[in-house]
Amino acid sequence: MGKVVLVTGVARQLGGRFVRRIRREPDVDRVIGVDAVAPEHHLGGAEFLRADIRHPAIARVLAETGVDTVVHMDINGTPLGKRGGRTSVKETNVIGTMQLLGACQKAPNVERVVIKSSTSVYGSAPRDPAVFTETTTPKSLPSGGFAKDIVEVEGYVRGFARRRPDVAVCILRFANILGPCADSPLAEYFSLPVLPTVLGYDPRLQFVHEDDALDVLRIAAAAPRRGTLNSGTFNIAGDGVLLLSQTSRRLGRPTLPLFLPTVTWAGTALRSVGITDFSPEQIRLLTHGRVVETTQMRETLGFHPKYTTAEAFAEFARSRGPGLLPPESLARTVDRLAGVLTARRTPAQ
């Protein structure tokens, strides 16, 4: 018998793609997709069980199917489509994770648990270090939203790891995942015709291509390759960083610099009319940015992304079509302005 893998959150595009991907692995005998709603996409021959991980019934699913590997992907910042709101998302993230881990604790067959986490666990604050490592303690813990959910989720995971030391636990802290199928709040922000920004700030951002996200999830769910270890906590991000100003030029979308209180008001307005989930934590990210160290991802986990941060963003930008301004013309204009400013600042020889 090969491995029996249970994947949560398969109604979302990324979860569905991962199920189809791991279904093709030669050492996997059975893949079971779980979600509270039926997926609109096919699962490549994997089984689907309609189950809400917030309910204790998830323990029966693990017991009856003999699952040995659990990949928990049902941790998200926004509801699926128009279903539910922030309360239901938080319940799924926190209560759902707690119930799932409780079920894993009682299931003797479970040998490996993989958690799709986020670099949002570090928050975004003005006194943050230039680069976060997996052991860096944030200067200020997130006070609400998805970032706080992640902090609570990882707390439950660490408790589970102490109670079941025989289970290999892998936490993958993803930077913002982008690509042609991206449906995150940040992807919605970058799809706006004009990008509201905070006056006086140009944050550094990191991205992960969705194909790389699938690859690293597959590595984490499999037996470790020789010379690697796929249990522990790992930052996952593409090489390099992009400034917010660079992303706007590459999209061909103009920015609208506003004072921070105005951006907060604009975010509330956009969220209330359902255009985008411009949450306070996203505003903090677009003010202070966030960059993580990925040495452990390469040297311990043995994962090397195919896409850099810039390449992942380029793939996303191509999928969104042209903006209001041609990117090439916008870049040339910015370069000319920078040249003029530099010449004025340089003293005459």
With a 4.5 Å cut-off on side-chain heavy-atom distances among I, L, V, M, F, W and Y, is there a chain of contacts connecting [X] to [Y]?
X    : Y    : value
V241 : F207 : no
V292 : V131 : no
L49  : V4   : yes
L205 : V291 : no

Testing the 3.5 Å rule here: is there a donor-acceptor pair between the side chains of [X] and [Y]?
X    : Y    : value
S245 : S248 : no
N230 : R112 : yes
E299 : T295 : no
R54  : Q99  : no
E111 : T69  : no

- Item | Pairwise side-chain hydrogen bond (donor to acceptor under 3.5 Å, both in side chains) hits with a residue in residues 120-129, at least two apart | S118-S120, Y122-R173, Y122-N235, S124-R290
Using modelled atom types and a 3.5 Å cut-off, is there a donor and acceptor pairing between side-chain atoms of [X] and backbone atoms of [Y]?
X    : Y    : answer
T8   : D74  : yes
R164 : V110 : yes
H55  : A57  : no
H288 : I283 : no
Q206 : N176 : no
R225 : G302 : yes
S184 : A187 : yes
D35  : A11  : yes
T233 : E134 : no
E281 : F146 : yes

Looking only at heavy atoms, what is the nearest atom pair of [X] and [Y], with distance?
X    : Y    : result
L14  : K116 : CD2-CE, 4.0 Å
V34  : A51  : CG1-O, 3.6 Å
F316 : G179 : CD1-O, 3.6 Å
T136 : P129 : CG2-CG, 3.9 Å
A237 : A175 : CB-CB, 3.9 Å

4.5 Å side-chain heavy-atom contact, [X] and [Y]:
X    : Y    : value
V5   : I32  : no
L172 : V216 : yes
T197 : L256 : no
T255 : P257 : yes
L62  : C104 : yes
D239 : T309 : no
H41  : V10  : no
L301 : I219 : yes

- Might you work through the side-chain contact (heavy atoms from CB on, under 4.5 Å) test for V114 and H72, ending with a clear yes or no? CA-CA 6 Å; V114 180; H72 183 27; over 6 Å; no
How many angstroms lie between atom [atom1] of [X] and atom [atom2] of [Y], to the nearest 0.5 angstrom?
X    : Y    : atom1 : atom2 : answer
Y189 : L286 : OH    : CG    : 5.0 Å
T287 : D202 : OG1   : CG    : 11.5 Å
E91  : I53  : CD    : CD1   : 11.5 Å
H304 : D212 : NE2   : CG    : 12.0 Å
F234 : M297 : CZ    : CE    : 10.5 Å
L195 : T247 : CG    : OG1   : 6.5 Å

Assess whether a salt bridge exists between [X] and [Y], defined as any Lys/Arg side-chain N lying under 4.0 Å from an Asp/Glu carboxylate O.
X    : Y    : value
R21  : D215 : yes
E293 : R298 : no
D211 : R17  : yes
E315 : R318 : yes
D68  : K3   : no

- Among V263, T264, L244, find the residue that satisfies the side-chain contact (heavy atoms from CB on, under 4.5 Å) test when tested with V198.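 With V198 as partner, V263, T264, L244 yield a single side-chain contact (heavy atoms from CB on, under 4.5 Å), made by V263.
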- Item | Of I95, I115, L100, L101, the residue whose pairing with Y156 passes side-chain contact (heavy atoms from CB on, under 4.5 Å) |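 Passing option: L101.
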- Output, in order, the C-alpha distance, side-chain angles, deciding distance and verdict of side-chain contact (heavy atoms from CB on, under 4.5 Å) for V169 and F160. CA-CA 9 Å; V169 177; F160 166 78; 3.9 Å; yes
- Query: Do the two ring centres, one from F313 and one from F190, sit under 6.0 Å apart?
  - Reply: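 Between F190 and F313, which both carry aromatic rings, the centre distance is below 6.0 Å.
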- Task: Kindly assign one of parallel, tilted or perpendicular to the pair H209 and Y307, based on the angle between their ring planes and the thresholds 30° and 60°.
- Result: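 Rings of H209 and Y307: parallel, under 30°.
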- Message: Would you say CZ of F48 has more than 12 non-hydrogen atoms from neighbouring residues, nucleotides or ligands within 6.0 angstrom?
- Response: yes
- Query: Going through the checks in order, is the side-chain contact (heavy atoms from CB on, under 4.5 Å) test met by R253 and L192?
  - Reply: CA-CA 8 Å; R253 286 173 165 79; L192 295 173; 5.8 Å; no
- Query: Between N109 and V67, does a side-chain contact (heavy atoms from CB on, under 4.5 Å) hold up when you go through it step by step?
  - Reply: CA-CA 6 Å; N109 290 335; V67 168; over 6 Å; no
